[in-house]
Structure formats: C-alpha cells, structure tokens
K.L.:
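First the structure, then my questions, so here it is.
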Number of protein chains: 2
Amino acid sequence: MSEQGKPEQGNELGKGQPVGSTSERRPPVMADVARVAGVSHQTVSRVLNDHLNVRAETRIRVLAAIDQLGYRRNFVARALVTRHSRRLGVVSFDTTLYGPASTVYSIEQAARAAGYFVSIVSLRTIDRAGVRDALDYLADQGVDGIVVVAPQRSAAQALDDLPAGMPVVAVEGGHAGDVSVVSVDQVAGARLATEHLLDLGHDTVWHVSGPSDWLEAEGRIAGWRDVLTAAGRPVPEPLDGDWSPRSGYVAGRRLAAMAGDVTAVFVANDQMALGVLRALTEEGIRVPEQMSVVGFDDIPESEFFSPPLTTVRQDFGAVGRCSIEVLLRQIEADGPLARERHVVPAEFVARASASRRPDGAVRN
Amino acid sequence: MSEQGKPEQGNELGKGQPVGSTSERRPPVMADVARVAGVSHQTVSRVLNDHLNVRAETRIRVLAAIDQLGYRRNFVARALVTRHSRRLGVVSFDTTLYGPASTVYSIEQAARAAGYFVSIVSLRTIDRAGVRDALDYLADQGVDGIVVVAPQRSAAQALDDLPAGMPVVAVEGGHAGDVSVVSVDQVAGARLATEHLLDLGHDTVWHVSGPSDWLEAEGRIAGWRDVLTAAGRPVPEPLDGDWSPRSGYVAGRRLAAMAGDVTAVFVANDQMALGVLRALTEEGIRVPEQMSVVGFDDIPESEFFSPPLTTVRQDFGAVGRCSIEVLLRQIEADGPLARERHVVPAEFVARASASRRPDGAVRN
DNA sequence: GAGGGCATTGTTAACGTTCACAGTCTTGCC
DNA sequence: GGCAAGACTGTGAACGTTAACAATGCCCTC
C-alpha cells in the first residue's frame with residue numbers, strides 16, 4: 001500500500017526468472033519454446049509427453065530451450081483439451097477427528113504417488129443435500145474422480161444421486177447403491193473386542209455406542225451383539241455417545257453407578273473410552289480390577305491412557321491406499337466397471353485396561 | 001467386467017439427465033444453451049456472470065434453457081481464459097496431528113465460504129526441497145494462491161524461493177522473508193503457563209520441549225525461559241521430545257527419577273503431557289500433589305486426562321480464517337502488497353493438573 | 001532405382017470459455 | 001421526426017494445450 005504507485009505485477013526482483021527474446025512479461029508458453037528450439041510447438045508437446053519418435057538431438061534442443069526459458073506447462077490448458085485434470089476430489093466429514101484425518105492423509109499420499117492432486121471438501125454437518133452439493137462442486141471443478149469418506153447413513157445415501165459418469169469410491173460407505181466401497185471390518189473388530197472380554201470370564205459386556213447415524217457405530221453394535229447372542233449372554237441396552245470424550249464421560253458416570261453389575265465395557269472409540277476411564281477414576285472404580293474397558297481405533301494416545309487402553313486398531317493407511325487404487329482403476333478404464341467391495345481387517349491390541357472378571361462380581 | 005460388451009459410458013439409468021436436441025452424449029456447452037434459448041453464447045455467459053444489461057426476459061429464457069439441458073459451466077475453460085482458477089493450495093506437514101488438522105480444516109472452511117476450492121499437499125518429511133516442490137506443483141496446477149502451514153524452520157526457509165508472483169501466506173512461519181505470516185503467540189502462551197506455575201509457589205519449572213527444528217517449539221522454550229530468567233529462577237535443561245506421547249513418556253520417566261527436585265513441568269504439547277502423566281502415574285507420583293504438569297494445545301482429550309490437564313489453548317480456527325483473509329486480499333489486489341503479520345493470542349486453561357508447591361519440596 | 005514402410009516433424013483444428021469490439025434496438029429529448 | 005445516448009446483443013478472436021492428419025526424409029528391399 002505504501003509502494004511507489006502500484007507496480008502492477010511488474011515485480012522485477014532479480015529472481016533469476018529467464019525471459020524470452022520478446023519483452024513479454026507473461027510466462028513463456030509452448031510456442032515460445034518451439035521458437036527458441038527451432039521446432040514446432042507440437043514437437044515440444046511430444047517431448048513433454050514422452051512420445052516416442054522424437055529424435056534424440058531434437059529432444060535435447062527442446063529440453064535446453066525449456067530450461068533456458070524457465071517454461072512450465074500449463075495444466076489448465078492441458079485439462080481443457082484432454083478432459084482430464086489429474087485431480088481427485090475428496091469429500092469428508094470433520095477432518096479434525098483422528099479417523100477421517102488419517103484416512104484423508106493416506107488418500108492424499110497415495111494419490112500424489114500416482115501423479116494426482118487432491119481437492120478437499122470438509123463438511124461441517126452431514127446431510128444428503130450437503131454431500132450432493134459437495135459432489136457437484138467437485139464435478140464442476142473438473143476432478144477426474146471422487147473419494148467420499150461417508151461414514152454416515154445420510155452421506156451414503158447421497159451417493160445415489162451423484163454426477164453421471166463420475167468415478168466414485170466410498171470409504172466406510174456401507175452398502176451404497178452402485179458405487180465401490182472400501183471399509184474396515186467394523187463388525188469383526190467389534191467381535192474381537194467382545195470375545196476378548198467374554199474370554200476373560202465376564203458374564204456379559206456393556207457397550208457405549210457411536211451416534212446412531214454412523215455406519216461404523218452400527219457395525220460395532222452388530223459385532224458386539226452377535227457375540228453376546230451367540231454365547232447366550234444377556235444383551236444390555238447400549239449407552240449412546242457421539243464419539244466425543246465428554247459423551248464417554250457421561251456414559252462412564254452411568255456405568256460407575258452400576259459398578260458391581262457391570263464388569264466389562266466395550267466402548268465404540270478410544271476418545272469416548274478416555275471419558276469412561278476418567279469417570280470411573282473419579283468414582284474410585286479401578287480399571288481393570290473392578291471394570292474392564294476396551295476401545296476402538298488405537299489412536300496414538302491410547303497406549304498412554306491410565307491404564308493403557310486395550311483396543312482395536314484400524315489401518316487407515318490401508319483404507320486410503322486401497323480406495324485410491326480402486327478409484328484410479330475406474331478412471332483409467334474410462335467406463336463403468338463392476339462395483340468392488342474391499343474390507344480391511346481390524347486388529348486387536350491387548351493392553352492393560354481389560355482383565356479377568358473380578359471374583360466379587362455376581363454371576364447371574 | 002461381466003457386463004454386456006463394455007457399455008462405453010452409455011449408462012442409461014433414467015438419471016433424469018436431460019439431453020439436447022442432437023443425440024450427442026457429451027455434456028451440453030454454452031453454445032447448446034445459446035441455441036436452445038435463441039441467443040448467442042456470449043449472452044449466456046453474461047447471464048452466468050451476472051452482467052448487467054441483460055434484458056429480464058432474455059435472462060429468464062437463458063436460465064430456462066440451462067435448466068432444461070442440465071448445463072453446467074466448465075470451470076477449466078473458464079480458468080484458461082481468466083487465468084484464475086478460484087482454487088487455493090495448502091501445503092502442510094502431517095495433517096494427522098491435531099494442530100495441522102484443525103488449521104487445515106478451518107482454512108478449507110474459510111476458503112469455501114469465500115468461493116474458493118482447496119487443493120492439499122501433505123508432506124511426510126520436511127525439507128526445503130520438498131516444500132519447494134510442493135509449491136511448484138501447486139503453481140503448475142494453477143492455484144490462485146497458497147497457504148503454507150510451515151511450522152518448521154526448514155519449511156519456512158523454502159518460502160524464500162517460491163514461484164514468482166504467487167500470493168502466499170505462511171502459517172506459523174516465523175519471520176519468513178517477504179511473505180505474510182499468521183501465527184499463534186507461542187511465546188505469550190508459554191509465559192502464561194510458566195507464570196501460572198511460579199504463581200503457585202514452585203521454585204522453578206522444568207520443560208519438555210518439541211523438536212528443535214519447529215518454530216513453535218522454539219517459541220515455547222523462549223517464553224518459558226524468559227519468565228524464569230526474569231524471576232531470577234534457575235533454568236533447567238529442557239528435555240527434548242518430538243510431540244509424540246511416547247517421547248513425553250520417556251521424559252516423564254526421567255522427571256520421575258528426579259521427583260522431589262522437580263515439582264513443576266511445562267510440557268510443549270498435550271500429547272506429550274499425556275505421556276508424562278502416564279510415566280508419573282507408573283512411578284507412583286501423584287499429580288498435582290507431588291508434581292504439577294501444564295500442557296499446550298488444549299486438544300479435546302485434555303479435559304479428560306487423569307487428572308484433567310491444565311493447558312494453553314490455541315485457536316486454530318482463528319488462524320485458518322485469518323490466513324485466508326490475508327491471502328484473498330493479496331489475490332484480489334493482483335499485485336504485491338505490504339507484508340502483513342498477524343498474531344492470534346493464546347488462552348490459558350486452568351484445570352486440575354497444576355497446584356501449589358508440595359510442602360515437602362526442598363527450597364534450594 | 002523405384003516403391004513401401006517407418007521415423008520424424010509440421011499444420012490445422014479442436015477444447016469451452018471470456019474479452020474486445022461492433023453492431024442493433026430502444027428511449028427520450030429537442 | 002430526427003438524433004444521440006444508452007441498453008442490449010452478436011461476432012470473432014484469444015487462452016495454451018493436445019489430437020488428427022499430412023508431409024517429409026530416410027532406409028531397405030527387390
């Protein structure tokens with residue numbers, strides 16, 4: 001603002017930016033390179049795209065000209081004519097949470113390794129319209145394909161009305177209509193947790209669940225219930241949470257009030273498990289001596305909870321990599337492929353927060 | 001793969017996708033709309049861009065045609081001619097960490113609210129070349145501006161050689177050469193934490209620091225050291241960590257071994273503080289009765305640590321919003337502006353992990 | 001040495017939009 | 001009724017790349 005009369009983008013810091021023969025200030029284009037190299041712009045294009053049938057000597061001359069002019073290819077123009085932007089879209093919900101953040105991270109890594117860029121839309125609230133809008137925006141922006149991290153039922157439904165012909169992969173998207181899906185085996189993971197607790201001699205296992213709209217929450221409930229039912233144990237009413245530590249704390253207070261009756265809890269994620277642990281500690285209930293707690297996710301903190309949390313690990317990295325593989329296959333096929341379903345196994349992680357049923361507990 | 005002879009993108013699910021008069025399968029373009037509305041393509045463009053001087057009746061006819069054909073504007077073609085993509089780039093390091101994840105999230109929200117899309121590059125490792133490459137890639141992709149979440153010294157240095165003429169804002173970027181910077185006041189935050197502990201009667205305060213390359217770690221050390229020095233207290237050698245709970249745990253073991261001498265610790269982030277708490281718990285050292293612990297960040301979990309963690313809150317949302325404001329100002333000015341510096345204040349959050357100096361402690 | 005094939009290069013036309021300018025049609029005023 | 005100003009609309013040319021095809025030169029074979 002205090003400069004000499006608004007330099008009007010003529011910033012001539014000696015940035016070493018080479019200029020062509022003409023005194024243009026606009027960045028050089030293919031035609032400029034062609035002129036310098038003494039070839040046609042098409043030959044420049046061929047060199048850039050690694051076409052065969054370019055004489056080695058010509059290639060060298062072109063590369064030299066590119067170097068001399070500091071030429072950089074204009075991807076926008078390229079995208080216009082090829083109809084491919086080499087960009088992928090990602091729609092996700094609250095990328096602040098550990099799970100989505102990790103998934104998106106590995107998606108980005110995998111995409112970039114394959115030469116694709118990633119545009120992100122993070123949704124604050126989840127509803128069908130919001131997801132649909134995000135998909136439309138991304139389609140308008142010309143992405144070649146979209147990964148939808150759609151862990152809610154309502155988000156998964158929005159996949160029914162996606163832009164025609166757009167390659168899409170749903171992560172944690174449940175049995176969404178036509179689209180391919182990559183997800184962690186929530187049901188099996190929940191089974192592992194519940195079986196572990198039963199194996200330790202507990203009569204039954206209580207459950208603090210995630211929000212009812214979430215498919216993951218649903219899967220974890222299903223696995224937990226399956227095991228209890230199969231073992232002929234009573235199935236207590238789940239206490240609902242919303243993934244937050246606070247909601248776990250609230251549930252923990254209620255569990256504490258039932259201590260003696262309750263000896264084992266499977267909590268649907270580690271953050272809520274932290275809240276449960278806190279509530280139990282406050283009420284003077286020792287974990288695992290009086291009550292066993294198992295979480296889900298294996299966030300980096302879990303190992304250092306008091307006590308270290310027994311939990312179920314999700315391999316978010318594998319989920320991200322797999323989803324990109326599937327998506328790129330669709331994009332490269334350039335036509336509808338049979339829908340794929342991939343399930344990444346969950347892994348049980350035993351630590352110190354679950355142990356044998358306390359002797360004093362009443363067997364009913 | 002098992003379909004009838006490769007439908008070749010002719011998926012005729014009755015998607016309600018309206019088609020033009022011709023039997024083209026390609027999406028309609030402006031010229032198609034113009035034909036249907038009986039106007040020129042330029043008039044369609046004017047309607048779309050809210051130009052004045054379009055008769056109301058004409059506008060209605062054009063909008064009707066757009067609706068009928070299901071026309072969607074091609075942003076790539078638009079970007080080619082306008083030289084503006086309405087897309088921003090974000091370069092960040094390990095978006096799995098709470099701080100970067102929150103910052104990137106709020107950047108994305110703010111950008112989208114302003115009508116911009118966001119392309120992300122997450123760096124796995126930080127070095128000058130990596131950051132420079134990321135900047136170049138994004139510039140090639142035609143973003144209108146870039147936010148660099150550059151909390152490391154080496155990343156901040158890479159800002160010295162960024163693409164000429166590209167608007168850039170550094171988040172947590174320290175005193176990076178020419179570019180505008182938005183950051184949280186790390187030094188003041190660390191002061192608050194340290195002063196609080198001194199106010200509680202502790203003779204001095206130990207410190208578990210972040211990795212030395214990080215500017216944030218440096219700022220927190222500076223604030224901590226300032227306060228101790230100003231108060232004439234001994235300044236213990238900081239124990240280094242790497243932000244991870246595990247490194248906090250390791251530091252915590254060492255602190256536990258010195259219990260009695262050490263009565264107060266300021267830990268550079270909440271995750272490491274968790275590790276410290278765990279180590280102290282294992283060694284039977286009660287917090288805060290025997291040792292006070294203060295963290296930094298106020299992650300959602302902190303409130304539910306045992307004991308709930310006294311810490312310093314960073315308003316990542318404000319940082320993200322502010323950085324987008326600054327960046328958009330630069331972009332809209334379309335020329336170099338005076339560099340800006342914005343500092344977001346940190347907020348002290350008192351909980352239960354810090355208390356008065358234990359009586360038994362030796363005053364040296 | 002003629003002809004076919006291949007390697008190599010050039011020419012022209014898209015891609016779908018916006019910009020610059022040139023028209024045409026109103027409208028109001030004298 | 002004529003005229004000018006302004007409202008409205010159309011025409012042609014970019015933007016920078018790739019695709020499609022044509023053209024050239026060379027080598028090898030017969």
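Letters A, B, ... are given to chains in the order of the sequence lines, protein chains preceding strands, and every chain is numbered from 1. These values consider heavy atoms only, across backbone and side chains, with no hydrogens, waters or symmetry-generated copies.
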K.L.:
May I have the distance from B/R61 (atom CZ) to D/dC8 (atom P), rounded to whole angstrom?
P.N.:
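Going from B/R61 (CZ) to D/dC8 (P), I get 14 Å.
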K.L.:
Assess the side chains of B/N74 and A/R83: does a donor N or O sit below 3.5 Å from an acceptor N or O?
P.N.:
no
K.L.:
Roughly how many Å is it from CZ in B/R86 to P in C/dT17, rounded to a whole number?
P.N.:
17 Å
K.L.:
Answer yes or no: is there a side-chain heavy-atom contact under 4.5 Å between A/S323 and A/V171?
P.N.:
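Answer yes - side chains close enough.
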K.L.:
What string of B, S and - do you get for nucleotides 15-27 of chain D, 5' to 3', if B is base contact, S is sugar-phosphate-only contact and - is no contact with any protein heavy atom under 4.0 Å?
P.N.:
BBBBBB-------
K.L.:
Write down the distance between CD1 (B/I66) and C1' (C/dT17), rounded to a whole number of angstrom.
P.N.:
13 Å
K.L.:
Rounded to the nearest Å, what distance is computed from the CG atom of residue B/N53 to the C1' atom of nucleotide C/dG23?
P.N.:
15 Å
K.L.:
Once you round it to whole Å, what is the distance between P of D/dT9 and CZ of B/R59?
P.N.:
9 Å
K.L.:
Please tell me if A/T58 has a side-chain N or O lying less than 4.0 Å from either OP1 or OP2 of C/dT8.
P.N.:
no
K.L.:
Counting the atoms with a prime plus P, OP1 and OP2 as sugar-phosphate, which does B/V76 contact under 4.0 Å by heavy atoms, base, sugar-phosphate, or nothing?
P.N.:
nothing
K.L.:
Less than 4.0 angstrom from a charged side-chain N to a carboxylate O is my criterion; do B/D140 and A/R72 meet it?
P.N.:
yes
K.L.:
Do the charged groups of B/R112 and B/E108 touch, with an N to O distance under 4.0 Å?
P.N.:
yes
K.L.:
Please say which of A/V143, A/D144, A/L327 ends up in a side-chain contact (heavy atoms from CB on, under 4.5 Å) with A/Y116.
P.N.:
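Of all the options given, the one that passes is A/D144.
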K.L.:
Considering the terminal five base pairs at each end of the helix from C/dG1-D/dC30 to C/dC30-D/dG1, what angle separates the two local helix axes, rounded to 10°?
P.N.:
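Between the axes fitted at each end of the helix from C/dG1-D/dC30 to C/dC30-D/dG1 lies an angle of 50°.
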K.L.:
Do A/T95 and A/S122 have side-chain N/O donor and acceptor atoms under 3.5 Å apart?
P.N.:
yes
K.L.:
Can you list the steps and then say if A/V147 with A/V91 is a side-chain contact (heavy atoms from CB on, under 4.5 Å)?
P.N.:
CA-CA 6 Å; A/V147 181; A/V91 179; over 6 Å; no
K.L.:
Is there a donor-acceptor pair closer than 3.5 Å between any side-chain N or O of B/R61 and the backbone N or O of B/A37?
P.N.:
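Yes; judged by distance alone, with no hydrogens or angles, the pair exists.
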